Amino acid sequence: MSKETFSFQTEVSRLLDIVAGSLYSNREIFLRELISNASDACDKLRHNALTSPSLIEGDADFKIELAIDNKAKTLTISDNGIGMNHDDLLATLGTIASSGTGAFIEALGKDDKKDMSLIGQFGVGFYSAFMVSDKVEVTTRKAGEEEAWLWISDGKGEFTIEEAKRDERGTTVVLHMKKDAQEFVDNSRVTHIVKTYSDHISFPVTLAGAAGEDGEEAAPETLNEASAIWTRAAKDITAEQYKEFYHHSAHAFDEPWVTIHNHIEGVVNYTNLLFIPSMRPFDLFDPERKSHVKLYVNRVFITEQADGLLPPYLRFLRGVVDSEDLSLNISREMLQNDPKLAKIRSGLVKKVLGELKKKANKDAESYAEFWGNFGIVLKEGLVDDFAMRDKLLELTRFKSTDGEGLTSLANYVERMKDGQEAIYYLTGEDENQVSMSPHLEGFKAKGVEVLLLTDPVDEFWLQHITDFDGKQLKSITRGAADLDNVKSDDADAKKDDDKAEDAPVLDNLIAAIKLELGEAVKDVRPSKRLTESPVCLVADDGDLDVNMERLLRRTGQMTMGLPRVMELNPTHTIVKKLSERAGANGDDELLKDAAHLLLDQARISEGETPADPAAFAKRLASVMERAL
Ligand code: ADP
Ligand code: MG
């Protein structure tokens, strides 16, 4: 086959323009990217060789070799990894613009300083080679195949592919350094870069010795530690090295919020090096709830999706788990049922939750940030993981009417009022709306704190967990409000109590409203929870709670809402006046309209629409007309 010429896809070309055209302070990261690709290629082949050992026959020692040619001004990065065939080359280096290209260009665009170092995290790290080179040549041969290929580009819109010769499998990348990038054909500079960025690479990275006076080449020098970082003792690893590894292995670019590195010896031996990110990964809410912790068996990569290694509610974790006690050529299905894996899993869960507790106790502010990122995911465990429920509940944080910050249940309990027996909560969809809910009025007046829960998952775990520390968890939108025993501690609340005492008896009004609304309400009764609004709706004891019903209707799992209990505020002027009218004559149009309007008003205050918007508008107009 003769030489073929291809154009880069538009997106790649745009990326290359940016990469090649500007000056960056951190250009040296190109080497990290190319070494990372070489390492990935070795990992892939080692993994494939588990099932096809012949692929690495005769050459099982993976390595990455660097060489500098001072005359030609080239830097060469060579690996004996999986290599690429013609199709692979086309698919990966040039034509297929991964979604990462656009995302990276966007990320760069916002930042004046143009931080190139993120490029690898967007899956386009290879192109960083064009920051420093005006020509890149890739000679590659796929493991198990005979043909080799040469890919060449100057990064200016086109690349070529032609047949080539390569004696062994693997990939060689030759960078022809730009005039202003001569620093990268210097041994000590290259050595320094590798030690800085690539020390964690688990294959040896060597640099061929410079030719001496006699033309004789010195032996290549190994530049990195060349052992998997997690196998080393934690005390020998710097924070910077952990971070480099986290970025490399998780394709992340934030700081790890917590690093959890342990060697466990016991019934099952394993090592974990786990990271909790400080930022939300973009796929956190993927419906598949996949784990992103890589499983290794004796330092050989097995899978990134080991079902059963970690529960889905810890899917924000990144990093690796390595165990010599699992079988190397185990299939994924068998892995799932391996009791050793279950052991590892329960050990990991305990460890991670323990670390979280430590963080929560030590630095509440930092923990609040974690909670903001991942609390919504961790809470899934309250439903999923029965055994860990208590531990998870301790770690759970809540917004509340007590103030701006977050509270734990334990702290809530400490603040409970004399005579208060339950832990009160209000669930809803939106924080603003929830905090304005009329249901809160009576609680606020008595100074009783209410937890405000606005994540959809809250409704679900509240089905399973009904008490904490011997105190019932009680929704303030369901059942009667039992605030009578709670001692008010301020004068205003006392006044409200007095006001309630001379409130009218509502029997006639209640009878009239029931008659008018019929099936639309389950019951009508005087309210203990309202102090300012005239009316609200609550779920009857034992009925589906208000917000749960809302969720089910929104997701189409329920069509008709249940009739609710309507509560009237006996101290409200509207209710008082209506109550006076109710005794008087039998057929009162205004009273009938008012009954419907009160119901609709209660719905609106919950963010719902009136049952019949047209009728609502008509009634409102008619009542206003009469009032004017
Ligand atoms: P990423 O490494 O995130 O996939 P890159 O732009 O760095 O993105 O590399 C693109 C792809 O090119 C890789 O996914 C891989 O398929 C291929 N590739 C790059 N370098 C090598 C190599 N040395 N050996 C085999 N394949 C490689
Ligand atoms: Mg890469």
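Hydrogens, waters and symmetry mates are skipped; everything else that's a heavy atom, side chains included, is used. Just so you know, these numbers come straight off a predicted model, no measurement behind them. By convention here, the first residue in the shown sequence is residue 1. Counting convention: from 1, in listed order, for ligands and their atoms alike.
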Close approach of Met84 to ligand 1, heavy atoms, under 4.0 angstrom: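 Per 4.0 Å heavy-atom rule, Met84 contacts ligand 1.
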Taking the basic N atoms (NZ, or NE/NH1/NH2) and the acidic carboxylate oxygens, is any pair closer than 4.0 Å for [X] and [Y]?
{"X": "Glu355", "Y": "Lys351", "answer": "yes"}
{"X": "Asp254", "Y": "Arg318", "answer": "no"}
{"X": "Arg169", "Y": "Asp59", "answer": "yes"}
{"X": "Arg27", "Y": "Asp180", "answer": "yes"}
{"X": "Glu304", "Y": "Lys290", "answer": "no"}

Region of Val173 engaging ligand 1 - heavy atom pairs below 4.0 Å: neither
Can you pull out the closest protein heavy atom to [atom]? Residue, atom name and distance to 0.1 Å, please.
{"atom": "atom 15 (C) of ligand 1", "answer": "Lys44 NZ, 4.1 Å"}
{"atom": "atom 16 (O) of ligand 1", "answer": "Thr92 CG2, 3.4 Å"}
{"atom": "atom 20 (N) of ligand 1", "answer": "Asn37 CB, 3.3 Å"}
{"atom": "atom 23 (N) of ligand 1", "answer": "Asp79 OD2, 2.9 Å"}
{"atom": "atom 8 (O) of ligand 1", "answer": "Gly123 O, 3.1 Å"}
{"atom": "atom 6 (O) of ligand 1", "answer": "Phe126 N, 2.9 Å"}
{"atom": "atom 25 (C) of ligand 1", "answer": "Ala41 CB, 3.6 Å"}

Ligand 1 atoms in contact with Leu93 (distance to a heavy atom under 4.0 Å): 12 (O)
Proximal atoms of ligand 1 relative to His251 (non-hydrogen, under 4.0 Å):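 Listed by number with element: 3 (O).
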Exam field: side chain Asp199 to backbone Glu225, donor-acceptor pair closer than 3.5 Å: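 Such a contact is found between Asp199 side chain and Glu225 backbone.
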Ser323 side chain vs Asn269 backbone, donor-acceptor pair below 3.5 Å: yes
is_close_aromatic(Phe126, Trp151), centroid dist under 6.0 Å: yes
Ring centroid separation Phe370 to Phe316 under 6.0 Å: yes
Metal site the Mg ion (ligand 2), protein N/O/S atoms found under 2.8 Å: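 With waters ignored, the protein N/O/S count below 2.8 Å is 1.
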Nitrogen or oxygen of Thr171 less than 3.5 angstrom from that of ligand 1: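 Between Thr171 and ligand 1, an N or O pair is found under 3.5 Å apart.
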His247 NE2 to His200 NE2 distance, which is reported to the nearest 0.5 Å: 10.0 Å
Sub-4.5 Å side-chain heavy-atom contact between Tyr246 and Pro277: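 Heavy-atom side-chain distance check passes, below 4.5 Å.
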Side-chain heavy atoms of Asp43 within contact of His47, under 4.5 Å: no
Nearest protein heavy atom under 4.0 Å from atom 13 (C) of ligand 1, yes or no: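 No, no protein heavy atom sits under 4.0 Å from atom 13 (C) of ligand 1.
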